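Report on the structure given below.
Positions are given from 1 along the sequence. For the numbers below, each heavy atom of this structure counts, side chains included, while hydrogens, waters and symmetry mates do not. Fair warning: this is a prediction, and the values are worked out from it, not measured in the lab.
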Amino acid sequence: MRFRPQYALMAVLALVLTACGNGPVKRVSEPAASIQQLSVGNDGNWEVELRLRNYSSMPMRFDNVSLAVKVGDEAAGTLNASPALSIGPESADVIKVRLQPSSSARIVVADALAGGRSLFYELEGSVSATPEEKKQRSFDIKSRNSLNQAPGLPGVLR
């Protein structure tokens with residue numbers, strides 16, 4: 001078996017290139033928010049389970065949430081929370097926020113529940129989050145989606 005210098009050179013080059021790496025790349029991506037579940041209470045107020053998604057490659061602490069909610073074409077109110085919740089890289093978690101909706105939004109939700117129809121909603125506002133070992137940033141959020149009645153759970157949309 002003969003020694004081939006080109007293979008030795010390639011092995012040395014591969015080791016040098018590997019040693020130059022600084023480990024995994026850490027990137028901060030915009031988070032996202034959506035409604036996971038909306039429950040209508042006996043008093044007409046809503047309990048909203050808000051899903052916060054961290055698309056970054058590092059953990060982020062979600063400090064403040066301020067999102068205007070619109071159902072159908074009606075403004076419902078603003079979800080305000082200070083969860084101080086740390087969410088791991090490329091993960092999600094849920095927070096519960098109470099909302100006293102506008103009367104027109106209550107009618108839209110009641111109509112969707114009574115008719116068994118989908119409820120279209122919009123969220124618009126901001127989320128303040130702090131990436132690991134960095135300063136707090138504010139991210140603009142704008143999303144649209146829909147909820148459907150949860151089978152066997154009156155007054156609940158998912």
Side-chain angles (χ1 to χ4, degrees), residues 17-113 116-158:
L17 288 174
T18 303
C20 291
N22 291 338
V25 175
K26 293 189 175 189
R27 64 176 165 70
V28 175
S29 300
E30 289 192 15
S34 61
I35 296 177
Q36 181 168 304
Q37 180 172 297
L38 187 151
S39 303
V40 178
N42 292 334
D43 59 359
N45 292 334
W46 300 347
E47 183 174 277
V48 178
E49 292 186 18
L50 189 65
R51 184 175 182 82
L52 300 172
R53 293 187 190 113
N54 176 13
Y55 287 115
S56 298
S57 62
M58 66 181 75
M60 289 180 56
R61 189 182 71 244
F62 287 75
D63 300 309
N64 295 303
V65 175
S66 180
L67 299 169
V69 181
K70 192 174 179 182
V71 289
D73 291 327
E74 300 297 327
T78 303
L79 297 172
N80 289 308
S82 299
L85 175 69
S86 185
I87 299 177
E90 299 173 4
S91 298
D93 209 339
V94 176
I95 61 171
K96 292 183 181 182
V97 184
R98 302 247 335 133
L99 178 66
Q100 186 174 355
S102 67
S103 58
S104 57
R106 286 180 191 198
I107 292 170
V108 170
V109 169
D111 186 52
L113 286 168
R117 290 185 295 281
S118 294
L119 175 70
F120 292 94
Y121 73 88
E122 291 180 35
L123 297 175
E124 187 171 358
S126 64
V127 171
S128 296
T130 307
E132 181 180 73
E133 300 174 11
K134 304 220 183 218
K135 64 179 185 171
Q136 185 181 67
R137 292 176 55 182
S138 182
F139 298 92
D140 292 331
I141 302 288
K142 186 166 184 165
S143 66
R144 299 176 65 153
N145 213 328
S146 65
L147 300 167
N148 295 303
Q149 191 164 2
L153 298 174
V156 176
L157 297 160
R158 289 187 177 154

If only atom types and distance count, is the side chain of [X] paired as donor or acceptor with the main-chain N or O of [Y] below 3.5 Å?
{"X": "S56", "Y": "N54", "result": "no"}
{"X": "S39", "Y": "L157", "result": "no"}
{"X": "S146", "Y": "L119", "result": "no"}

**Prompt:** So R117 and D111, salt bridge (charged side-chain N to carboxylate O under 4.0 Å, His left out) or not? Walk me through it.
**Reply:** CA-CA 8 Å; R117 290 185 295 281; D111 186 52; 2.5 Å; yes
**Request:** Please check if atom CD in E132 has more than 12 non-hydrogen atoms from other residues, nucleotides or ligands closer than 6.0 Å.
**Result:**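 For E132, atom CD is crowded (more than 12 foreign heavy atoms under 6.0 Å).
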**Message:** Against W46, only a single residue in V71, V97, I35 fulfils side-chain contact (heavy atoms from CB on, under 4.5 Å); can you say which?
**Reply:** V71
**Request:** Report the residue from L50, T78, N80 that forms a side-chain contact (heavy atoms from CB on, under 4.5 Å) with V65.
**Result:**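 Running side-chain contact (heavy atoms from CB on, under 4.5 Å) over L50, T78, N80 with V65 returns exactly one hit, L50.
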**Message:** Looking only at the side chains, is there a donor atom on one of S34 and Q36 sitting less than 3.5 Å from an acceptor on the other?
**Reply:**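 Short answer, no.
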**Prompt:** M60 versus P131: any side-chain heavy-atom pair under 4.5 Å?
**Reply:** yes
**Residue pairs involving residues 37-46 (criterion salt bridge (charged side-chain N to carboxylate O under 4.0 Å, His left out); sequence neighbours excluded)** =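 Only D43-R98 qualify under salt bridge (charged side-chain N to carboxylate O under 4.0 Å, His left out).
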**Message:** Applying salt bridge (charged side-chain N to carboxylate O under 4.0 Å, His left out) as the test, list every pair that has at least one member in residues 70-91; sequence neighbours left out.
**Reply:** R27-E90
**Asked** Below 4.0 angstrom, N of the basic side chain to O of the carboxylate: do R61 and D63 qualify?
**Response**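 A salt bridge is present here (some side-chain N lies under 4.0 Å from a carboxylate O).
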